[in-house]
Amino acid sequence: MLIIRTEEPRDWEPVDAIHRAAFGDGHGDVVVGLLDALRADDPTAVSLVGERDGTVVGHVLFSRCRLDAPRRLVDVVTLSPLAVAPAAQRCGVGGELVRHGLRELDARGVPLVFLEGDPRYYGRLGFSPAGGHGFRKPSLRIPDRAFQVARLSAHEPWMTGTFVYSDTFWRHDCVGLRADDA
Ligand SMILES: CC(C)(COP(=O)(O)OP(=O)(O)OC[C@H]1O[C@@H](n2cnc3c(N)ncnc32)[C@H](O)[C@@H]1OP(=O)(O)O)[C@@H](O)C(=O)NCCC(=O)NCCS
């Protein structure tokens, strides 16, 4: 049975190992660097693990960013990173982590969740292309189709504008694709 629960410090080691294995050599280290910094920089982050038979098999983190709306800055959230241990993939763990996180953020009154990812995956989980809803991406290096948003119940129509990552993402150069990955 799969249990979704809040990440605790004892999970950091297995969670980091999952990201390294899922994202592969090189990029895994970048993701773990970002993750470490987000744990320290954003005490409001929602960090969830999926546990099966006492073993952590997946992890997702939602952290605070901003939307530069015409009326004012709005606190929003980004989903990053998400990973499932290679041996546990395609069993619904990733989907459950995302759905659980969105429910928790909705209960907290978060209006919008942004991410960069494959729309074929995230489209099933409540995300759709953000450009189509009037949002601007924070970097030209993010492909249009990868820039996605989930609008939660606290979203109001005036909440449009430019999505702005927290400084942590810029410091770790984790926004968009660099020429080597494109
Ligand atoms: C993406 C990831 C988290 C999905 O986790 P998961 O537990 O396997 O996901 P689920 O079981 O909920 O869903 C699996 C389905 O999503 C599909 N899927 C997984 N990654 C996908 C992708 N990038 N694009 C399209 N479909 C994808 C699988 O093919 C599978 O489809 P099926 O149900 O038709 O067989 C996992 O594959 C992973 O850790 N990948 C490496 C890290 C990564 O890319 N993270 C996301 C960065 S935005």
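In listed order, ligands and their atoms are each counted from 1. Please read these numbers as outputs of a predicted model, since none were measured by experiment.
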*Any idea which protein heavy atom is nearest atom 7 (O) of ligand 1, and the distance to it?*
Gly94 N, 2.8 Å
*Could you tell me which atoms of ligand 1, counted from 1 in the order shown, lie closer than 4.0 angstrom to a heavy atom of Cys91?*
11 (O)
_Considering non-hydrogen atoms of the protein only, which is the closest contact for atom 44 (O) of ligand 1, and what is the distance?_
Phe23 CE2, 4.1 Å
*If you measure from atom 40 (N) of ligand 1 to every heavy atom of Gln89, His19, His59, which option wins on shortest distance?*
Gln89
*Should you measure from each heavy atom of Tyr122, which atoms of ligand 1 turn up under 4.0 Å away?*
46 (C), 48 (S)
*Name the option, out of His27, Arg120, Gln148, Arg90, that contains the heavy atom nearest to atom 6 (P) of ligand 1.*
Arg90
*What do you reckon, is CZ of Arg5 surrounded by more than 12 foreign heavy atoms closer than 6.0 Å?*
yes
*asked:* I need the contact type for Arg99 against ligand 1. Using non-hydrogen atoms and a strict under-4.0 Å cut-off, is it side chain, backbone, both or neither?
replied: neither
*When rounded to the nearest 0.5 angstrom, what is the spacing between CG in Asp41 and CG in Asp167?*
7.5 Å
*Backbone of Arg66 reached by a side-chain donor or acceptor of Asp75 within 3.5 Å*: no
*Check each atom of ligand 1 against the heavy atoms of Ala83 and keep those under 4.0 Å away; list them by number with element.*
39 (O)
_Glu116 near ligand 1 by a heavy-atom separation under 4.0 Å_ = yes
*asked:* Is it true that Thr160 and His133 share a donor-acceptor pair across their side chains at a distance under 3.5 Å?
replied: no
*asked:* Between Tyr121 (side chain only) and Gly95 (backbone N and O only), is there a donor and an acceptor less than 3.5 Å apart?
replied: yes
*Establish, from distance only, whether the side-chain atoms of Asp42 and Thr44 form a donor-acceptor pair under 3.5 Å.*
yes
*Looking only at protein heavy atoms, identify the closest one to atom 41 (C) of ligand 1 and say how far it is in Å.*
Ala22 O, 3.5 Å
*Can we say Asp16 and Arg39 salt-bridge, meaning some charged N sits less than 4.0 Å from an Asp/Glu carboxylate O?*
yes
*asked:* I'd like to check which ligand 1 atoms, numbered from 1 as shown, lie under 4.0 Å from a non-hydrogen atom of Gly95.
replied: 12 (O)
*Measure up the Phe23 and His19 rings against each other and bin them: parallel (under 30°), tilted (30 to 60°), perpendicular (over 60°).*
parallel
*Ring center gap for Phe114 and Phe163 short of 6.0 angstrom*: yes
*Return the residue, atom name and 0.1 Å-rounded distance of the protein heavy atom closest to atom 4 (C) of ligand 1.*
Tyr121 OH, 3.4 Å
*Is there any N or O on Gly117 that sits under 3.5 Å from an N or O of ligand 1?*
no
*Given that the side chain starts at C-beta and the backbone is N, CA, C, O, which of these parts of Val84 lies under 4.0 Å from ligand 1, counting heavy atoms, or is it both or neither?*
both
*Heavy-atom proximity to atom 46 (C) of ligand 1, best of Val31, Val60, Leu82*: Leu82
_Suppose we measure from atom 24 (N) of ligand 1 to each protein heavy atom; which comes out shortest, and what is that distance?_
Asp118 OD2, 3.1 Å
*Kindly compute the distance separating CD (Gln148) from CD (Glu116), expressed to the nearest 0.5 Å.*
10.0 Å
_Starting from atom 11 (O) of ligand 1, what is the nearest protein heavy atom, named by residue and atom, and what distance separates them?_
Gly92 N, 2.7 Å
_Determine whether Thr168 and Ser63 satisfy the following criterion, side-chain contact (heavy atoms from CB on, under 4.5 Å), listing intermediate values before the conclusion._
CA-CA 10 Å; Thr168 314; Ser63 63; over 6 Å; no
*Quick one: nearest non-hydrogen protein atom to atom 15 (C) of ligand 1, plus distance?*
Arg124 NH1, 3.8 Å
